[in-house]
Protein chains: 2
Amino acid sequence: MREVAAHAGVSVGTVSHVVNRSQKVSEDTIAKVSRSIDALGFVRNAAARQLRSGRSSSLGLVVLDTANPFFASVAHGAREACDEAGLSLLIGDSGTEEARESKYLDLFAEQRVNGLLVTPSGADLSKLEGIASRGTPVMLVDREAGGYSLSSVTVDNAAGGRMALDHLIAGGCAKPAFVGGPFTLPQVSDRARGARERAAESDLDMAVFETGELTILAGRSIGERIVSLPEEARPDAVFCANDLLAVGFMQAVIMFSALRIPEDLALIGYDDIDYAFSAIVPLTSIRQPADLLGRTAVESLLAENASGEQIHRDEKFTPELVVRQSTRAV
Amino acid sequence: MREVAAHAGVSVGTVSHVVNRSQKVSEDTIAKVSRSIDALGFVRNAAARQLRSGRSSSLGLVVLDTANPFFASVAHGAREACDEAGLSLLIGDSGTEEARESKYLDLFAEQRVNGLLVTPSGADLSKLEGIASRGTPVMLVDREAGGYSLSSVTVDNAAGGRMALDHLIAGGCAKPAFVGGPFTLPQVSDRARGARERAAESDLDMAVFETGELTILAGRSIGERIVSLPEEARPDAVFCANDLLAVGFMQAVIMFSALRIPEDLALIGYDDIDYAFSAIVPLTSIRQPADLLGRTAVESLLAENASGEQIHRDEKFTPELVVRQSTRAV
DNA sequence: TTGTAAGCGTTATCAT
DNA sequence: ATGATAACGCTTACAA
């Protein structure tokens with residue numbers, strides 16, 4: 001910048017003002033300085049800029065798995081909202097590991113982000129609470145605050161679980177099962193709880209098969225296990241904690257058994273990702289407004305930030321049943 | 001940091017040394033300073049750090065579409081390689097728009113990233129060449145340098161196109177068609193070119209249907225158009241420029257026609273995303289090593305950076321045919 | 001409308 | 001092993 005100033009024959013302060021339009025500068029000077037900037041290929045230094053101004057104009061987002069289309073959509077919605085607000089979004093992928101989550105939190109803290117959007121991996125949110133209390137706004141995404149003093153944007157998982165079982169039972173299912181994990185994730189345990197409650201209302205037991213993660217691969221391997229069970233032990237309807245599991249489950253059914261979906265085994269997923277529609281047997285699912293979740297998280301964070309309030313809010317969306325072939329006509 | 005120094009009764013230089021392990025400090029002092037850091041909740045300021053040291057320890061990646069599983073995998077591979085090298089990765093999504101790409105490039109330039117990985121949206125790479133010539137290493141990802149003086153990591157698209165048609169023709173197809181776009185993307189036009197060449201070798205014409213983008217939605221709408229063509233004008237095999245298009249195309253075939261895949265219409269995609277396997281009719285595809293592409297891009301960039309060389313290299317992977325039901329037995 | 005100059009919070013070079 | 005101190009490149013009062 002000093003070089004630009006020298007080249008244009010003005011002071012650094014003036015250069016700064018033309019770069020930032022922060023003060024009235026004469027047309028002539030603007031032209032002169034602009035020419036020097038181009039000639040020298042000057043690019044302003046974000047580090048110096050941020051250090052001096054104290055502002056960072058960025059938000060941090062930490063999700064469980066960027067390869068999961070649900071979180072890809074959340075990130076997409078958040079990015080759009082950030083773009084509109086002139087902020088840049090830093091994205092971290094915790095892989096459902098607290099250590100990696102913590103690493104990104106530290107990284108973002110060092111960057112002095114204006115706010116943090118987090119889907120926590122573990123149960124202990126005290127680190128986040130600490131960050132929030134030290135002045136960085138924190139918004140939980142797809143996770144309720146529980147006893148912690150934090151704001152959140154969520155979708156009602158228990159309601160979703162109830163919807164899924166309601167639909168399965170209405171279709172005539174007698175031996176429902178739940179597939180998902182880890183149960184330390186409230187997203188998983190709440191869906192299971194809602195489902196179990198609804199099953200109990202119809203005097204049905206719901207078997208539970210726990211997986212280590214929410215991926216296609218995990219779905220496929222638990223599917224292999226379930227289709228090889230003797231008929232009397234096999235469920236007649238399976239509710240998967242997300243669509244990736246359901247897609248993998250379906251692969252296993254088709255590869256390793258002669259069971260028909262939905263006649264022998266009904267299948268319902270969760271999230272309604274784009275591919276649910278295109279599955280071998282189009283997949284019934286519980287749709288979540290993922291994009292909106294990300295967008296709302298950013299907007300709420302910004303609103304809270306602007307108002308300077310310390311009041312924590314919980315925004316909760318309701319999911320929606322999307323019926324397709326994988327559960328039709330049992 | 002000054003506060004920490006005062007609290008611990010040492011100088012700021014010493015605090016810096018314990019934070020960075022950059023010089024020998026006595027055990028006692030380390031303990032004392034660490035206690036003060038915890039007590040005051042000190043977090044080092046990345047901006048000041050970078051400003052003073054001149055180092056940024058981050059890489060920038062700009063891809064065409066983060067919602068596309070292919071690029072999600074590329075980003076995943078790149079992130080892993082960055083993690084291993086102790087770098088953080090900034091990701092930008094250009095949405096195949098040059099203006100957005102340019103915006104991210106400027107943003108990353110201001111951040112003084114140590115290197116840039118880019119899948120360009122347009123044909124003019126002079127901006128990237130300029131950046132590279134000004135000292136920031138640039139690596140093209142999934143795009144060749146053409147006449148520009150830039151390094152690249154790619155997968156052979158023309159070979160992939162040839163493979164696709166070879167397979168279709170071996171299956172007895174007589175009226176092949178290509179679906180994809182925009183053709184300004186070399187990934188698309190090279191696949192089409194390879195396919196057309198192979199078709200010509202068998203004295204076959206290949207119809208071309210251009211789409212505006214490479215999404216499920218675009219595939220569905222072009223699919224609607226194609227299945228409603230009179231039989232004599234309708235292709236008997238369709239090669240889609242990527243799997244998203246193919247998935248959407250398949251949706252249209254099933255919703256809006258009675259045509260069977262592959263008996264009436266064979267379908268082949270490109271990328272072999274996870275969902276190809278689970279499509280209504282499992283999708284034949286040309287597999288690209290997406291993860292490896294991202295990883296290699298980072299590693300090559302770092303290697304080039306370390307060696308301080310200006311020699312540009314082109315690494316080219318070869319794709320692989322994965323046969324599934326959508327083309328089997330015509 | 002433009003110039004001057006004091007920091008922002010670190011790191012790194014010298015002394016001590 | 002520790003301390004003092006000069007930058008790093010910019011923003012922003014304030015002065016001219």
Side-chain angles (χ1 to χ4, degrees), chain A residues 1-37 40-58 86 88 106-114 134-136, chain B residues 1-37 40-58 86 88 106-114 134-136:
Chain A
M1 193 147 156
R2 218 165 27 223
E3 286 178 40
V4 173
H7 185 274
V10 298
S11 75
V12 288
T14 302
V15 175
S16 175
H17 283 131
V18 348
V19 169
N20 301 300
R21 301 151 176 60
S22 48
Q23 200 183 97
K24 204 104 192 73
V25 179
S26 80
E27 289 296 335
D28 282 4
T29 320
I30 291 180
K32 209 164 49 181
V33 171
S34 303
R35 235 176 295 122
S36 301
I37 287 175
L40 274 59
F42 167 75
V43 177
R44 66 184 198 260
N45 183 317
R49 190 181 164 67
Q50 182 184 324
L51 175 58
R52 173 58 234 227
S53 69
R55 291 182 295 262
S56 84
S57 70
S58 64
S88 54
D106 292 342
L107 192 68
F108 292 163
E110 291 188 5
Q111 315 277 5
R112 301 290 190 268
V113 294
N114 292 333
R134 261 176 257 112
T136 303
Chain B
M1 194 148 153
R2 220 168 23 226
E3 285 178 41
V4 174
H7 185 274
V10 297
S11 74
V12 287
T14 302
V15 175
S16 177
H17 283 131
V18 346
V19 169
N20 301 300
R21 300 150 177 62
S22 49
Q23 199 183 98
K24 204 105 193 69
V25 179
S26 80
E27 290 296 336
D28 282 4
T29 322
I30 290 180
K32 208 166 48 181
V33 171
S34 303
R35 233 176 297 122
S36 300
I37 286 175
L40 274 59
F42 167 75
V43 177
R44 68 184 196 264
N45 183 317
R49 193 179 162 69
Q50 180 184 326
L51 173 59
R52 173 58 232 222
S53 70
R55 288 183 297 261
S56 82
S57 72
S58 64
S88 53
D106 292 342
L107 191 68
F108 292 162
E110 291 187 4
Q111 315 276 7
R112 299 291 190 268
V113 294
N114 292 333
R134 260 175 256 114
T136 302

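To find a chain, count down the sequence lines: A is the first, B the second, and so on, and within it residues start at 1. Since the model is a prediction, treat every value here as computed from it, not as a measurement.
- In terms of heavy-atom proximity, B:Ile30 sits nearest to B:Val25 at CD1-O, 3.7 Å.
- Nearer the 5' end of DNA chain C, as judged by each residue's closest nucleotide, is the contact made by B:Ala48, out of B:Ala48 and B:Thr14.
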Take B:Arg2 and B:Val15, measure what side-chain contact (heavy atoms from CB on, under 4.5 Å) needs, and give me the verdict at the end.
-> CA-CA 9 Å; B:Arg2 220 168 23 226; B:Val15 175; over 6 Å; no
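- Remark: C1' of C:dC8 and CZ of A:Arg112 are 11 Å apart, rounded to the nearest angstrom.
- Within the nucleic acid shown, B:Ser26 comes within 4.0 Å of sugar-phosphate atoms alone, with no base atom in reach, counting heavy atoms only.
- Straight-line distance from the CD1 atom of A:Ile30 to the P atom of C:dT1: 9 Å, rounded to whole Å.
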Go through the steps to decide whether B:Asn20 and B:Arg49 satisfy the test side-chain contact (heavy atoms from CB on, under 4.5 Å), and finish with yes or no.
-> CA-CA 11 Å; B:Asn20 301 300; B:Arg49 193 179 162 69; 3.0 Å; yes
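- Note: CG (A:Asn45) to P (C:dG9) measures 16 Å, nearest angstrom.
- Each of B:Gly13 and A:Met1 was assigned the nucleotide of DNA chain D with the nearest heavy atom; the assignment lying further toward the 5' end belongs to B:Gly13.
- The main-chain N or O of B:Gln111 is found under 3.5 Å from a side-chain atom of B:Gln50 such that the two form a donor-acceptor pair.
- Annotation: the span from A:Phe108 atom CZ to A:Ser56 atom OG amounts to 11.5 Å, rounded to 0.5 Å.
- B:Thr29 comes within contact range of the sugar-phosphate backbone alone, with a heavy-atom separation under 4.0 Å but no base atom that close.
- If you check every strand for non-hydrogen atoms under 4.0 Å, A:His17 touches a base.
- In this structure, CZ of B:Arg2 is placed 9 Å from P of C:dT10, rounded to the nearest angstrom.
- Below the 3.5 angstrom threshold, one finds no donor paired with an acceptor across the side chain of B:Arg49 and the base of C:dT10.
- Here C:dG7 presents its P atom at 17 Å from CG of B:Leu51, a figure rounded to the nearest Å.
- We find that CZ of A:Arg52 is positioned 15 Å from P of C:dA5, with the value rounded to whole Å.
- Looking only at distances, no side-chain donor or acceptor of A:Ser16 sits under 3.5 Å from a matching main-chain atom of A:Val12.
- Boundaries of the chain A contact region on DNA chain D are D:dG9 to D:dT12, first to last in 5' to 3' order (nucleotide atom under 4.0 Å from a heavy atom).
- Between the C1' atom of C:dT1 and the NZ atom of A:Lys24 lies a distance of 10 Å, rounded to the nearest Å.
- A close approach under 4.0 Å does not occur between any side-chain nitrogen or oxygen of A:Ser11 and OP1 or OP2 of C:dT4.
- Counting non-hydrogen atoms under 4.0 angstrom, B:Gln23 reaches a base of the nucleic acid.
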Hey, mind stepping through B:Arg55 and B:Ser53 against side-chain contact (heavy atoms from CB on, under 4.5 Å) and telling me if it holds?
-> CA-CA 5 Å; B:Arg55 288 183 297 261; B:Ser53 70; 3.8 Å; yes
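- In this structure, A:Val19 reaches neither bases nor backbone, as no heavy-atom distance under 4.0 Å exists between it and the strands shown.
- Of the two residues contacting DNA chain D, namely B:Gly9 and B:Ser53, the nearest-nucleotide position lying further toward the 5' end is that of B:Gly9.
- For B:Arg55 and C:dT10, the shortest distance from a side-chain N or O to OP1 or OP2 is not below 4.0 Å.
- Applying side-chain contact (heavy atoms from CB on, under 4.5 Å) to B:Arg44 and the options B:Val4, B:Val19, B:Ile37 leaves one that passes, B:Val19.
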